[in-house]
Every structure is written in structure tokens, then in C-alpha cells.
Amino acid sequence: MVAEVRAGVPMRAVARAHHVSLSTVQWWCQRAGARSLEEVDWRDHPPIAGRIHRTAAAVEDLVLGLRRELKETSDLGEYGARAIHRELVARGYGMVPSVRTIGRVLERRGALDAARRVRPPSPAAGLVSARGGRGSSRTRQLRHC
């Protein structure tokens with residue numbers, strides 16, 4: 001992409017040709033700077049974070065143990081991520097993970113009961129609209145008079 005831009009092709013055309021956004025082409029050109037393409041180290045920025053912040057195993061074990069406890073003893077039958085978070089706060093644990101983090105822990109450890117929800121595909125083009133099809137309701141009323 002950088003070579004094409006340097007050859008005089010507009011950045012927008014390069015972006016279209018490579019199916020990327022204009023900002024992506026601009027980013028690569030800025031990264032290359034004025035150096036020759038052979039001098040640029042294209043590997044110096046990994047595509048993922050260098051450090052992943054994973055919840056400690058002890059905290060994950062605590063979450064799973066509390067889930068089992070709530071599943072057996074909860075009066076309302078609540079033992080999901082929100083209930084676990086609420087219980088950790090009530091018990092006064094110092095660094096309580098967020099509800100989303102607790103949900104990730106449950107998913108990662110295979111503790112979720114239900115299957116993941118999948119949205120149905122949108123209806124095919126040309127099907128009757130939600131408003132009832134052809135014409136407005138006022139037109140249909142007048143036709144039946």
C-alpha cells in the first residue's frame with residue numbers, strides 16, 4: 001500500500017483496492033515515514049496486546065465456588081454473574097471483578113448452563129413489510145367502501 005501511495009496513486013484509491021479504510025492506509029504511510037520500504041521494520045508492532053490481563057486463578061475459583069453455593073442456597077434461584085457480583089460486594093471482598101469479567105470467567109470455565117443465544121437471520125428482501133404490505137391502511141379502508 002505504501003509503495004502504491006509513493007508511486008502517486010491517491011490514498012482513497014489504494015484503500016478501495018485493498019478493501020481497507022482510508023485511515024489504515026494513512027497509518028501505514030505515516031509509520032513508514034520517509035524511510036525506504038526496505039528500512040522499515042514492519043514487525044515492530046505486534047497485532048495483539050503484549051500483555052493480557054487475566055483474572056487470577058484464585059479469584060476464578062472463588063467465583064465458581066460462590067456460583068455453586070448460590071445455586072444450592074439462593075432463595076430466588078439466582079446464581080448468574082450479577083448475583084455473584086452482588087454477593088461478593090455484600091461479603092466485602094476488596095477487588096471485586098466487574099459483572100462482565102465474572103461472566104467471562106463463567107464462560108471460560110464452562111460453567112454456563114444455557115447455549116449461547118443466536119439471532120435469527122433477517123427476512124429475505126421482498127417479503128411483506130411489518131406494516132401490512134402494499135399501500136397504507138387508509139388506502140385499504142377507502143377501497144372497501
Side-chain angles (χ1 to χ4, degrees), residues 1-71 74 76-143:
M1 289 189 296
V2 176
E4 292 175 33
V5 171
R6 288 183 179 177
V9 180
M11 286 189 181
R12 289 184 191 279
V14 172
R16 262 186 257 114
H18 291 279
H19 304 288
V20 296
S21 67
L22 174 63
S23 63
T24 300
V25 175
Q26 291 170 337
W27 185 79
W28 284 108
C29 289
Q30 180 182 12
R31 186 163 167 212
R35 295 177 288 180
S36 70
L37 297 180
E38 292 79 27
E39 293 175 352
V40 178
D41 183 13
W42 301 108
R43 297 171 295 140
D44 63 347
H45 295 291
I48 60 170
R51 190 171 134 193
I52 297 173
H53 301 282
R54 177 66 57 94
T55 306
V59 175
E60 289 189 6
D61 293 339
L62 175 68
V63 166
L64 292 173
L66 191 54
R67 178 180 167 86
R68 279 190 295 276
E69 180 184 329
L70 287 174
K71 192 172 185 176
S74 174
L76 298 176
E78 293 180 321
Y79 53 93
R82 286 189 182 139
I84 293 170
H85 182 267
R86 190 173 38 243
E87 189 65 26
L88 287 171
V89 170
R91 292 185 182 186
Y93 286 101
M95 293 291 289
V96 177
S98 68
V99 174
R100 180 66 186 113
T101 299
I102 294 171
R104 286 188 186 114
V105 167
L106 297 176
E107 184 177 12
R108 186 167 47 243
R109 294 284 194 97
L112 297 178
D113 298 334
R116 194 166 181 87
R117 186 170 49 180
V118 178
R119 287 188 138 167
S122 60
L127 291 180
V128 177
S129 69
R131 291 180 26 172
R134 301 184 309 233
S136 68
S137 59
R138 176 89 175 130
T139 306
R140 275 183 261 132
Q141 289 173 356
L142 294 175
R143 285 183 193 156

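Please read all numbers here as calculations on a predicted model, not as lab measurements.
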Next on the checklist: Please evaluate residues Arg108 and Arg54 with respect to the criterion side chain to side chain contact (heavy atoms under 4.5 Å, CB included), reporting the C-alpha separation (whole Å), side-chain torsions for both, the decisive distance (0.1 Å), and the verdict.
Outcome noted: CA-CA 11 Å; Arg108 186 167 47 243; Arg54 177 66 57 94; 3.5 Å; yes
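- Contact detail for Val2 and Ala32: the closest heavy-atom pair is CG1-CB, 3.9 Å.
- Arg12 CZ: 12 or fewer foreign heavy atoms inside a 6.0 Å radius.
- Put simply, CD on Glu69 and CD on Glu87 are 6.5 Å apart, with the number rounded to the nearest 0.5 Å.
- Under the 4.5 Å side-chain criterion, counting only non-hydrogen atoms from C-beta, Met1 is in contact with Val20.
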Item to check | Evaluation steps, side chain to side chain contact (heavy atoms under 4.5 Å, CB included), between Val59 and Val105 | outcome: CA-CA 9 Å; Val59 175; Val105 167; over 6 Å; no
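- Across Ser21 and Ser23, no two heavy atoms sit closer than the pair OG-OG, 3.0 Å.
- Heavy-atom minimum distance, Ile102 versus Pro97: CD1-O, 3.8 Å.
- Across all non-hydrogen atoms, the minimal contact from Ala81 to Gly103 is CB-N, 3.9 Å.
- Arg67 places a side-chain N or O within donor-acceptor distance of the main-chain N or O of Ala111, the cut-off being under 3.5 Å.
- Taking CG of Leu66 as the reference point, atom CZ of Arg86 lies at 11.0 Å (rounded to 0.5 Å).
- The structure places CE of Met11 at 14.0 Å from CH2 of Trp28, a figure rounded to the nearest 0.5 Å.
- Atom CG of Leu106 sits about 9.5 Å away from atom CD of Glu60, to the nearest 0.5 Å.
- A distance of 12.0 Å separates NE2 in His53 from OG1 in Thr101, rounded to the nearest 0.5 Å.
- Atoms OG and CZ, on Ser36 and Arg6 in that order, are 7.5 Å from each other to the nearest 0.5 Å.
- Between Leu70 and Tyr79, the shortest heavy-atom distance links the atoms CB-CB, 3.8 Å.
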